[in-house]
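Here is the naming used below: chain letters follow the sequence lines, and residue numbers restart at 1 for every chain. Quantities reported herein were computed from a predicted structural model and do not represent experimental measurements.
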Number of protein chains: 4
Amino acid sequence: MSGAQERPLRADAARNRAKLLAVATEVFTTRGVGVPTEEIAQAAGVGVGTLFRHFPTKEALLSAVMVRRLETIAAETARLAAEAEPADAFFGCFRVVVDQSSGKSEFTQALAAAGVDAHAPLQESSMVIQAQLADLLAGAQQVGAVRPDLGLLELIALLVGTSTMMDHLGTDAPARERVFDVVFDGLRPR
Amino acid sequence: MSGAQERPLRADAARNRAKLLAVATEVFTTRGVGVPTEEIAQAAGVGVGTLFRHFPTKEALLSAVMVRRLETIAAETARLAAEAEPADAFFGCFRVVVDQSSGKSEFTQALAAAGVDAHAPLQESSMVIQAQLADLLAGAQQVGAVRPDLGLLELIALLVGTSTMMDHLGTDAPARERVFDVVFDGLRPR
Amino acid sequence: MSGAQERPLRADAARNRAKLLAVATEVFTTRGVGVPTEEIAQAAGVGVGTLFRHFPTKEALLSAVMVRRLETIAAETARLAAEAEPADAFFGCFRVVVDQSSGKSEFTQALAAAGVDAHAPLQESSMVIQAQLADLLAGAQQVGAVRPDLGLLELIALLVGTSTMMDHLGTDAPARERVFDVVFDGLRPR
Amino acid sequence: MSGAQERPLRADAARNRAKLLAVATEVFTTRGVGVPTEEIAQAAGVGVGTLFRHFPTKEALLSAVMVRRLETIAAETARLAAEAEPADAFFGCFRVVVDQSSGKSEFTQALAAAGVDAHAPLQESSMVIQAQLADLLAGAQQVGAVRPDLGLLELIALLVGTSTMMDHLGTDAPARERVFDVVFDGLRPR
DNA sequence: GATGAATGAGAATTCATTCAT
DNA sequence: AATGAATGAATTCTCATTCAT
């Protein structure tokens with residue numbers, strides 16, 4: 001059901017693909033999506049041709065980076081949902097999403113896309129996460145840990161916005177914590 | 001009060017400048033900063049040459065747009081600060097800043113930059129606003145309307161992030177209100 | 001009915017456009033359509049940007065070259081049709097078309113397109129010529145100068161093929177004449 | 001008779017070579033020479049590496065395809081020359097050459113080249129055919145079936161041009177026949 | 001020998017900025 | 001001052017060919 005029989009990929013090819021993905025994640029995150037493909041290839045130690053063999057389009061590369069992020073988020077979220085109380089699961093997951101989404105704004109916006117459009121491959125991952133978030137939200141609301149008037153739409157907006165906030169605070173941990181405090185407090189019922 | 005002796009600028013030139021600024025604001029806000037200068041000039045009904053006579057660089061144009069926004073915000077903020085109670089002034093101003101900052105994210109981010117780097121002309125406007133915000137924050141904290149542990153840094157992050165949230169909700173007024181509720185609630189002392 | 005009000009075009013711009021068209025015609029004809037746009041621009045003494053300002057696509061440039069050729073052919077054909085006897089008009093026109101169509105084969109094929117597909121701008125010119133050819137053919141058949149079993153389709157094939165023949169003979173005038181003799185003889189009723 | 005000591009070639013290698021040649025002929029003929037080598041290899045069920053092992057250059061592959069065509073033509077021509085009257089042999093051979101040469105024009109032109117430049121391996125095949133054609137032409141002229149003023153040069157041009165004509169008519173058999181009629185009639189003495 | 005991943009030199013096209021008109 | 005044509009560096013993507021597996 002999930003498409004093409006993926007052949008194991010030669011060792012070196014797999015290495016290159018991984019390196020490209022890693023470099024692209026780093027570069028897109030810190031310097032935005034405007035960075036030339038050539039530069040990414042170079043940073044990964046391969047030729048442009050190789051980059052384009054693995055990702056037929058710059059957009060495809062961007063998409064792959066996003067999917068990986070989303071998958072990480074989904075996995076973490078699933079783990080939290082299974083292991084923690086509804087309230088802790090919800091707030092823990094909120095942090096995970098926010099932390100995984102930080103990076104140069106322009107790029108973070110893409111995550112935004114998860115809540116709206118997004119290209120085919122993203123759709124799936126994004127759907128999964130949305131479903132998880134909806135569950136967590138409902139659970140937390142059930143036990144009275146989160147105000148009942150919020151929907152998935154608002155939650156996503158809050159997540160994306162909080163990511164932006166964190167991007168602004170950089171590594172100032174205490175400040176980040178204070179802002180999380182503000183948002184989390186606001187999320188709780190009065 | 002500020003540097004260069006500005007020649008009065010011929011009437012038509014002033015008109016062109018104003019039109020360009022208006023169009024650029026609209027275009028950058030709705031379609032992002034990637035829009036070609038040519039297109040902006042065209043939409044303003046002038047040639048590219050004219051655009052570049054008024055703004056020596058695309059970046060300069062962007063900067064001018066930002067300054068105008070910041071000035072609007074500063075004026076509104078000043079008015080609110082003068083007319084309202086500290087608490088109302090603070091929260092009213094928060095809304096003003098957020099509303100004025102919305103638009104295509106990529107661009108909103110730029111505003112964000114105002115809190116960090118920014119080119120010379122922005123610095124000034126941004127300083128003014130920061131000073132106003134600092135005052136409003138202090139006032140609101142004094143009367144116990146806002147938690148005392150927040151600093152200007154956090155406030156700016158919260159403003160930018162809330163703008164992002166609003167961008168995501170678009171024109172869904174009730175949802176926007178619920179999100180404002182969350183943030184404002186979080187800002188108040190427990 | 002024939003589209004946009006064309007502004008007179010500045011003197012230098014017109015000169016550049018003409019030069020580009022001339023160079024492109026020459027280059028495409030002698031070296032085929034694979035020649036890089038950059039080279040054409042260079043040969044015309046302008047930057048690539050200028051080429052693309054005048055012709056938004058390489059294909060557009062090719063098309064423009066073709067249209068000009070077709071227009072020349074149409075004009076010549078019209079003149080001959082008006083001034084000469086049906087038979088002379090037909091055979092004279094046949095020579096004109098063949099001569100104007102010669103050049104590096106790959107490109108000549110394009111003329112072929114005139115008889116089949118072709119992009120929008122070509123369509124019109126090609127239609128005109130086809131109509132003219134159909135008239136000339138009918139006229140020549142009426143006076144018994146051309147075998148009556150031939151249609152426009154065959155005529156076009158014969159024209160294109162004869163062009164190819166001439167391309168092969170280059171400037172060997174007597175040989176060209178002998179081949180024209182063969183074709184013309186074949187065209188006449190037995 | 002010809003140069004290098006050719007190793008017998010392993011059975012599978014021979015099969016691959018044959019498959020590549022067949023596919024290349026098909027592909028070049030129907031879609032032109034611009035088709036990527038990778039695609040040809042894929043269609044033949046081998047990797048690009050294999051293609052390049054058999055044909056060190058794309059041009060070499062093209063050349064091989066041409067040689068095969070020329071050899072087919074030469075064989076057919078020889079058969080006709082041996083079995084038929086001079087006139088029938090000449091005209092029959094004309095048809096064979098034309099039919100074998102049709103296909104996507106761009107490619108047909110290459111065959112044309114056989115009459116002019118061409119790389120080493122082509123030279124030989126092309127020479128053979130030219131000699132055959134010269135003989136057939138002379139024979140047909142001797143018996144008064146073809147105008148005496150035509151030389152080999154003109155004959156080749158006529159062959160190539162007629163191929164182009166046929167390419168234009170596609171599979172419209174009656175039209176093809178009418179065009180053959182024109183050319184054959186033209187070839188006969190008045 | 002076969003494979004297909006890697007390479008990198010182009011090629012077409014865009015767009016900020018300059019400058020002749 | 002205004003105009004818009006010209007410029008050319010930069011960017012994305014392709015494809016013949018090489019080479020490690």
Could you state the [atom1]-[atom2] distance from [X] to [N], rounded to the nearest angstrom?
X	N	atom1	atom2	result
A:D12	F:dC19	CG	C1'	11 Å
D:I40	F:dT17	CD1	P	12 Å
C:L51	F:dA5	CG	C1'	14 Å
A:Q42	E:dA6	CD	P	17 Å
B:L61	E:dT17	CG	C1'	14 Å
D:F55	F:dA16	CZ	C1'	16 Å
A:L62	F:dT11	CG	C1'	16 Å
A:E38	E:dT7	CD	C1'	11 Å

So which heavy atom on D:V65 is nearest to which on D:A24, and how close?
CG2-CB, 3.8 Å
What's the closest nucleotide to the side chain of [X] if the choices are [options]?
X	options	answer
B:F52	E:dG8, E:dT17, E:dA12	E:dT17
B:A13	F:dA1, F:dC13, E:dA16	F:dA1
B:T57	E:dA12, E:dT17, F:dA6	E:dT17

Does a side-chain N or O from [X] land closer than 4.0 Å to OP1 or OP2 of [N], or not?
X	N	value
B:N16	F:dA2	yes
C:T37	E:dA11	no
C:H54	F:dA6	yes
D:R53	E:dG1	no
A:T50	E:dA5	no

With nearest nucleotide decided by heavy atoms, which residue, A:G45 or B:V35, maps closer to the 5′ end of DNA chain E?
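Whichever sits nearer the 5' end wins; that is A:G45.
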Quick check on DNA chain E: between A:G49 and C:P56, whose nearest nucleotide comes earlier from the 5' end?
A:G49
Can you tell if the side chain of [X] reaches within under 4.5 Å of the side chain of [Y], non-hydrogen atoms only?
X	Y	result
C:F55	C:T37	no
B:V33	B:L62	yes
C:T29	C:R69	yes

Find which nucleotide of DNA chain F each of A:R15 and D:P36 is nearest to by heavy atoms, and output the residue with the more 5' nucleotide.
D:P36
Hey, where does DNA chain F pair up into stems, meaning at least three consecutive Watson-Crick or G-U pairs with distances under 3.5 Å?
E:2-21 with F:2-21
Without swapping roles, check the side chain of [X] against the backbone of [Y] for a donor-acceptor pair under 3.5 Å.
X	Y	result
A:R17	A:H54	no
D:T72	D:R68	yes
A:T25	A:L21	yes

Please check if the number of heavy atoms outside C:E39 that lie under 6.0 Å from its CD is greater than 12.
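More than 12 within 6.0 Å, yes.
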Mind checking A:V46 for me? I need base, sugar-phosphate or nothing, with any heavy atom below 4.0 Å counting as a touch.
sugar-phosphate
